[in-house]
Trainee: 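I have a structure here, written as structure tokens, and I will follow up with some questions on it.
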Amino acid sequence: APKVPQLEVKTFPNPTNGVLFVEVRESITLEEAGEIRVLNAVGETVAHISLRASSAKLQEIDLSNLANGIYFVTLRIGDQQGIRRIVHRH
């Protein structure tokens with residue numbers, strides 16, 4: 001299988017107590033869409049943001065209504081993707 005190009009997913013703060021920032025370093029062309037997803041430990045999507053060419057480079061996700069625990073932030077732009085583990089406690 002062809003290897004999927006990996007994106008570095010930069011998030012802060014980690015651990016987070018509510019608001020998580022995700023930095024989108026790559027530029028998004030008009031043809032390709034992107035998305036940020038936050039997954040819980042069993043792989044369910046608990047937050048989702050669609051990215052377009054006009055999207056801000058710094059995306060803010062409010063996790064304050066989620067239970068404490070470990071989550072995974074996935075960033076996909078076109079055919080590239082990356083993942084980062086975060087800890088949420090408030």
Side-chain angles (χ1 to χ4, degrees):
K3 186 159 167 33
V4 175
Q6 289 300 298
L7 291 177
E8 184 192 359
V9 183
K10 187 163 170 50
T11 65
F12 59 92
N14 189 11
T16 175
N17 63 2
V19 173
L20 181 74
F21 292 96
V22 181
E23 198 175 305
V24 181
R25 293 175 159 178
E26 289 69 25
S27 50
I28 303 174
T29 65
L30 291 172
E31 296 81 43
E32 64 187 7
E35 63 177 9
I36 298 168
R37 283 184 187 271
V38 180
L39 309 175
N40 63 16
V42 293
E44 297 168 330
T45 299
V46 294
H48 176 261
I49 294 177
S50 294
L51 300 173
R52 289 176 291 284
S54 57
S55 296
K57 292 296 181 199
L58 197 58
Q59 294 289 328
E60 182 178 326
I61 304 174
D62 183 6
L63 305 179
S64 57
N65 59 342
L66 298 179
N68 287 353
I70 292 168
Y71 293 86
F72 296 90
V73 178
T74 64
L75 171 64
R76 184 183 62 75
I77 298 173
D79 62 350
Q80 302 182 82
Q81 58 184 6
I83 188 165
R84 178 171 287 278
R85 177 181 175 274
I86 61 160
V87 175
H88 173 53
R89 54 171 176 257
H90 54 96

Trainee: Quick one: do Thr16 and Ile61 satisfy side chain to side chain contact (heavy atoms under 4.5 Å, CB included)? Show the steps, please.
Mentor: CA-CA 11 Å; Thr16 175; Ile61 304 174; over 6 Å; no
Trainee: If every non-hydrogen atom of Glu8 is compared with every non-hydrogen atom of Arg25, which pair is closest and at what distance?
Mentor: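 Distance-wise, the nearest heavy atoms are OE1-NH1, 2.9 Å.
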Trainee: Step by step, would you call Val9 with Ile36 a side chain to side chain contact (heavy atoms under 4.5 Å, CB included)?
Mentor: CA-CA 10 Å; Val9 183; Ile36 298 168; over 6 Å; no
Trainee: Looking at OG of Ser50 and CD of Gln59, how far apart are the two atoms once the value is rounded to the nearest 0.5 Å?
Mentor: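 If we round to the nearest 0.5 Å, Ser50:OG and Gln59:CD are 10.0 Å apart.
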Trainee: Is Ile49 linked to Leu39 within one hydrophobic cluster, defined over Ile, Leu, Val, Met, Phe, Trp and Tyr using a side-chain heavy-atom separation of less than 4.5 Å?
Mentor: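 Result: no, two separate clusters.
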Trainee: In a check of side chain to side chain donor-acceptor pair (under 3.5 Å) between Glu35 and each of His48, Gln81, Arg52, which one passes?
Mentor: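 It is His48; the other options fail the test.
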Trainee: Would Ile83 and Val87 show up in the same hydrophobic cluster when neighbours are defined by side-chain heavy atoms closer than 4.5 Å?
Mentor: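 Ile83 clusters together with Val87.
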Trainee: If I compare all heavy atoms of Pro15 with all of Arg89, which pair ends up nearest, and what's the gap?
Mentor: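 Heavy-atom minimum between the residues: CG-NH2, 3.3 Å.
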Trainee: Would Leu51 and Val46 show up in the same hydrophobic cluster when neighbours are defined by side-chain heavy atoms closer than 4.5 Å?
Mentor: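 They do share one cluster, since a chain of ILVMFWY contacts under 4.5 Å joins Leu51 to Val46.
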Trainee: Considering all heavy atoms of both residues, which atom of Ser64 and which atom of Asp62 are nearest to each other, and what is their separation?
Mentor: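 The answer is OG-OD1, 2.7 Å.
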Trainee: For Leu66, is there any backbone N or O sitting under 3.5 Å from a side-chain donor or acceptor partner on His90?
Mentor: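 A pair under 3.5 Å: yes.
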Trainee: If you look at every heavy atom in Ile28 and Ala53, which pair is closest and at what distance?
Mentor: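 Of all heavy-atom pairs spanning Ile28 and Ala53, the closest is O-CB, 3.3 Å.
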Trainee: Phe21 vs Phe12 aromatic rings, parallel, tilted or perpendicular, using cut-offs 30° and 60°?
Mentor: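 Judged by the thresholds at 30° and 60°, the geometry between Phe21 and Phe12 is parallel.
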Trainee: Which pair of heavy atoms, one from Leu63 and one from Leu20, lies closest together, and at what distance?
Mentor: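 Closest approach of Leu63 to Leu20, heavy atoms only: CD1-CB, 4.0 Å.
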Trainee: Which pair of non-hydrogen atoms, one from Arg85 and one from Ile70, has the smallest distance, and what is that distance?
Mentor: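 Closest heavy-atom pair between Arg85 and Ile70: NH2-CD1, 3.0 Å.
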